[in-house]
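Computation of the quantities below employed the complete heavy-atom set of this structure, encompassing side-chain atoms and omitting hydrogens, waters and symmetry-equivalent molecules. In the text below, chain A, chain B and the rest are named by the order of the sequence lines, each starting its count at 1.
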Amino acid sequence: EDKVVQSPLSLVVHEGDTVTLNCSYEVTNFRSLLWYKQEKKAPTFLFMLTSSGIEKKSGRLSSILDKKELFSILNITATQTGDSAVYLCAGYNYGQNFVFGPGTRLSVLP
Amino acid sequence: DSGVTQTPKHLITATGQRVTLRCSPRSGDLSVYWYQQSLDQGLQFLIQYYNGEERAKGNILERFSAQQFPDLHSELNLSSLELGDSALYFCASSVDRELDTIYFGEGSWLTVV
């Protein structure tokens, strides 16, 4: 059965800290890995990673995929209170199915 | 705004009842996905439709059913509701092409009392 595991499940940091969120996956016919940010309601898309070793960046956020070890990390530098959210990782396979992990709840304190 | 529209936003109903949740995908998107998110639970995939046909099925209960209509909007029907069905139900859509992603609606909050 396909599964996605995220760690830690919960994280509390202070503004300015750097955090690393982990995602490991076992997805049959894996195509890509996606990261979403969920604040109050709908998850919003952050990154889609299909190739190993190529870092994707968006401002203070960056992510990389390791297809050999079947994991991805999401880094957030110089965290701000607005980064407080649940970060979801999802594996996407060629069957057009998205398998989501449980999420990492990040709380950034002022 | 993702372009995916879900109605109603909030719904409170009694056990044993039946409700219908509606989703309009982004313009041009052919695939619709339904997810359930309970408190402290991750997103649970329920079902996917592509251009009117069921493509993939996840952990969807027999009491639940869905369909996608010719105009590509989708409905999720939940019947014989139980307290445990209280959750946030998300609809998402995608164009369904290479290297695509899915875009979520705001969700429908269902509370069963």
Tell me, for A/L9 versus chain B, whether the close heavy atoms (under 4.5 Å) come from the side chain, the backbone, both or neither.
neither

Among residues 60-67 of chain B, those lying within the under-4.5 Å heavy-atom range of chain A are none

Would you check if the distance from the ring center of A/F98 to the ring center of B/F45 is below 6.0 Å?
no

Relative to chain A, which segment of B/Y35 carries a heavy atom at a distance below 4.5 Å: side chain, backbone, both, or neither?
side chain

Proximity breakdown for B/Q37 and chain A, heavy-atom pairs closer than 4.5 Å
side chain

Verify the cluster assignment for A/Y87 and A/L34: are they in a single hydrophobic cluster under the rule of side-chain heavy atoms below 4.5 Å apart?
no

How would you list all residue pairs meeting side-chain hydrogen bond (donor to acceptor under 3.5 Å, both in side chains) that involve residues 10-21 of chain B, not counting sequence neighbours?
B/T20-B/N77

Do A/P43 and B/L43 make a side-chain contact, defined as non-hydrogen atoms from C-beta onward lying under 4.5 Å apart?
yes

May I ask you to check whether A/Y36 and B/F104 place their ring centres under 6.0 Å from each other?
yes

Smallest heavy-atom separation, B/F90 atom then A/A42 atom, equals CE2-CA, 3.5 Å

Would a hydrophobic clustering, with Ile, Leu, Val, Met, Phe, Trp and Tyr connected at side-chain separations under 4.5 Å, put B/V32 with B/V19?
yes

Please look at A/Q38 and chain B and tell me whether the side chain, the backbone, both or neither of the residue comes under 4.5 angstrom of a heavy atom of that chain.
side chain

